[in-house]
Amino acid sequence: MGSHRTIPAALPASTVMLILLCASGVLAAAQNYSAIFNFGDSITDTGNLCINGRMSQITFTQPPYGETYFGTPTCRCSDGRVIVDFLSTRLLCLTLSRIRPCVSNVASFVVFLNEHAGDQFGLPFLQPSKSMNADFKQGANMAITGATAMDAPFFRSLGLSDKIWNNGPISFQLQWFQQIATSVCGQSCKSYLANSLFVFGEFGGNDYNAMIFGGYTTEQARKYTPKIVNTISRGIDSLIAMGATDIVVPGVLPIGCFPIYLTIYQSSNSSDYDDLGCLNKFNDLSMYHNTLLQKRVDIIQSRHRKTARIMYADFYSAVYDMVRNPQNYGFSSVFETCCGSGGGKYNYQNSARCGMQGASACASPASHLSWDGIHLTEAAYKQITDRWLKGPYCRPPILHS
């Protein structure tokens with residue numbers, strides 16, 4: 001609980017060893033990012049939707065959201081930290097070249113540790129891009145809950161305007177980023193952005209949610225997948241044109257394994273489910289999207305082989321392996337929502353979702369994959385981040401030599 005900003009008087013042996021390694025010049029790593037810029041939706045929103053106040057009707061502004069790490073709701077759709085939090089606190093000041101200007105000996109490194117306790121020697125948590133008077137020199141988070149890849153006219157043309165409750169598509173997020181970049185780096189943006197990490201997505205999840213919850217079949221929804229992937233691709237191209245060189249592009253998740261889908265679209269036909277208990281047709285849609293996206297990432301990489309590094313982050317495989325092998329991740333439940341209501345296999349009810357009256361959180365979120373039936377627990381996000389940094393669920397891994 002709390003913000004974890006102090007270090008105990010007696011440092012653990014592993015921390016002491018790290019101090020000695022860093023101070024003696026042994027620790028080294030290939031990456032030396034000076035900033036991280038994140039784009040996406042509720043999977044990585046760290047507060048953009050709540051900049052103008054926490055509306056009580058939005059469930060994730062209410063307890064028990066945030067209970068595991070922050071001790072209070074922060075507008076993150078989880079019990080604690082999300083992927084971009086872990087990335088920002090692990091990637092920066094890891095190299096000796098960044099540590100050396102900060103510390104010259106063991107004593108000063110202890111001071112450095114106290115100043116950055118909980119940050120794993122990295123950046124502070126990214127500021128939401130809509131924050132007023134924030135310092136964005138170390139990065140910003142453009143992600144906002146409800147964001148889509150496609151703009152509002154696309155959904156209006158499908159008769160789905162009422163299914164899009166927040167207007168923060170890719171095009172808007174790129175505009176927000178351009179405004180920030182201009183204020184932060186002025187005329188020297190190329191070199192600044194070349195030394196930054198970009199995480200672009202995931203995008204597409206809410207586009208499919210809008211269609212499916214709006215009555216479209218998965219077959220109808222997949223007709224629009226090429227258009228969605230093209231929009232994501234153009235966004236990547238825009239970042240490269242601005243000077244980005246290291247870009248992580250996550251795919252969409254296996255929504256057929258999520259309690260919200262498993263509850264709303266329960267079937268008495270066993271053939272509708274795979275051998276793990278996930279709904280085939282929804283996972284097939286996710287896999288189709290990811291197949292097209294990976295191909296597009298490969299094409300972009302081939303065009304910029306010498307100047308950019310485009311990394312495909314495999315959200316789908318990471319989460320699906322957690323469903324298949326929960327014991328490897330410390331999970332005792334993968335289909336049961338930790339924070340929800342209704343009991344049963346999924347513990348999910350739309351009328352009493354997490355943060356609403358009648359819902360409650362489980363005793364151990366870390367033993368669950370799903371936090372609220374739609375989003376994952378901090379424990380899941382942490383392990384996904386680890387596997388994006390080092391592999392095998394990011395191609396190539398973010399950390400490289």
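Along the sequence shown, the residues carry numbers beginning at 1.
- A side-chain donor-acceptor contact under 3.5 Å links Ser271 and Asn269.
- Under the 3.5 Å distance criterion, with hydrogens and angles disregarded, a donor-acceptor pair is assigned to the side chains of Ser267 and Asp272.
- With hydrogens and angles disregarded, a donor-acceptor distance shorter than 3.5 Å links the side chain of Asn280 to the backbone of Tyr273.
- Every pair passing side chain to side chain donor-acceptor pair (under 3.5 Å) that includes a residue from residues 196-210 is listed here, sequence neighbours excluded: Asn206-Asn209, Tyr208-Thr225, Tyr208-His289, Asn209-Tyr261.
- Separation of atoms CG (Asn48) and CG (Asp41) is listed at 12.0 Å; rounding is to 0.5 Å.
- Across all non-hydrogen atoms, the minimal contact from Phe335 to Val323 is CZ-CG1, 3.8 Å.
- For Tyr312 and Asp298, the side-chain atoms include no donor-acceptor pair closer than 3.5 Å.
- The environment of Gln327 atom CD is dense: over 12 non-hydrogen atoms of other residues, nucleotides or ligands sit within 6.0 angstrom.
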* Would you check, one step at a time, whether the test ring pair (Phe, Tyr, Trp, His ring centres under 6.0 Å) holds for Tyr316 with Tyr393? => CA-CA 9 Å; Tyr316 185 102; Tyr393 296 122; over 10 Å; no
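- Of the inter-residue distances, the one linking Thr217 atom OG1 with Met211 atom CE reads 10.5 Å to the nearest 0.5 angstrom.
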* Please report the C-alpha distance between Tyr381 and Phe86 in whole Å, then the side-chain angles of each, then the deciding distance to 0.1 Å, and finally whether the ring pair (Phe, Tyr, Trp, His ring centres under 6.0 Å) criterion is met. => CA-CA 8 Å; Tyr381 287 135; Phe86 290 111; 8.2 Å; no
* Intermediate values then yes/no, ring pair (Phe, Tyr, Trp, His ring centres under 6.0 Å), Trp388 and Phe315 -> CA-CA 9 Å; Trp388 284 6; Phe315 239 146; 5.0 Å; yes
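- Salt bridge annotation for Lys281-Asp274: absent, with no cationic side-chain nitrogen under 4.0 angstrom from a carboxylate oxygen.
- In this structure Lys382 satisfies the salt bridge (charged side-chain N to carboxylate O under 4.0 Å, His left out) test together with Asp386, sequence neighbours excluded.
- Between the CD1 atom of Ile240 and the OG1 atom of Thr307 there is a distance of 7.0 Å, given to the nearest 0.5 Å.
- Closest approach of Ala361 and Trp371 over heavy atoms only: CB-CH2, 4.0 Å.
- Ring pair Phe213/Tyr265 is parallel by interplanar angle, where below 30° counts as parallel and above 60° as perpendicular.
- Under the 2.5 Å cut-off for SG-SG separation, Cys362 and Cys339 do not qualify: their sulfur atoms lie farther apart than that.
- The closest donor-acceptor contact from the side chain of Ser238 to the backbone of Arg234 lies under 3.5 Å.
- Ion pairing between Arg387 and Asp321 fails under the 4.0 Å rule for side-chain N and carboxylate O.
- In terms of heavy-atom proximity, Ala143 sits nearest to Asp45 at O-OD1, 3.3 Å.
- For the 3.5 Å distance criterion, the side chains of Ser341 and Gln349 qualify, holding a donor opposite an acceptor.
- At least one side-chain heavy atom of Asn230 sits less than 4.5 Å from a side-chain heavy atom of Arg296.
- A heavy-atom distance below 4.5 Å is found between the side chains of Phe177 and Leu193.
- Between the CD1 atom of Ile384 and the CD1 atom of Ile83 there is a distance of 4.5 Å, given to the nearest 0.5 Å.
- Summarising the geometry, atom OG belonging to Ser88 is positioned 14.0 Å from atom OH belonging to Tyr33; distances are rounded to the nearest 0.5 Å.
- Between the side chain of Gln173 and the main chain of Asn141, no donor-acceptor pair closer than 3.5 Å is present.
- Taking Arg303 as the reference, Asp237 meet the salt bridge (charged side-chain N to carboxylate O under 4.0 Å, His left out) condition, with sequence neighbours excluded.
- For the pair Pro73 and Pro63, the minimum side-chain heavy-atom distance is below 4.5 Å.
- At least one side-chain heavy atom of Cys77 sits less than 4.5 Å from a side-chain heavy atom of Thr145.
- Note: Phe203 CZ to Ile170 CD1 = 4.5 Å, rounded to the nearest 0.5 Å.
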* **Audit row: Asp85, Arg76, salt bridge (charged side-chain N to carboxylate O under 4.0 Å, His left out) steps and yes/no** => CA-CA 10 Å; Asp85 294 321; Arg76 288 167 173 80; 2.7 Å; yes
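- No donor-acceptor pair closer than 3.5 Å links the side chain of Thr263 to the backbone N or O of Ile260.
- The heavy-atom pair separating Thr337 from Pro259 by the smallest distance is OG1-CB, 3.2 Å.
- Looking only at atom types and distance, the side chain of Thr377 has no donor-acceptor partner in the side chain of Asp79 under 3.5 Å away.
- Checking side-chain atoms of Tyr192 against main-chain N and O of Lys137 turns up a donor-acceptor pair under 3.5 Å.
- Looking only at distances, a side-chain donor or acceptor of Glu378 sits under 3.5 Å from a matching main-chain atom of Arg81.
- What you find for Ala149 and Thr231 is that their closest heavy atoms are O-CG2, 3.3 Å.
- For Leu174 against Met242, the heavy-atom pair with the smallest separation is CD2-CE, 4.3 Å.
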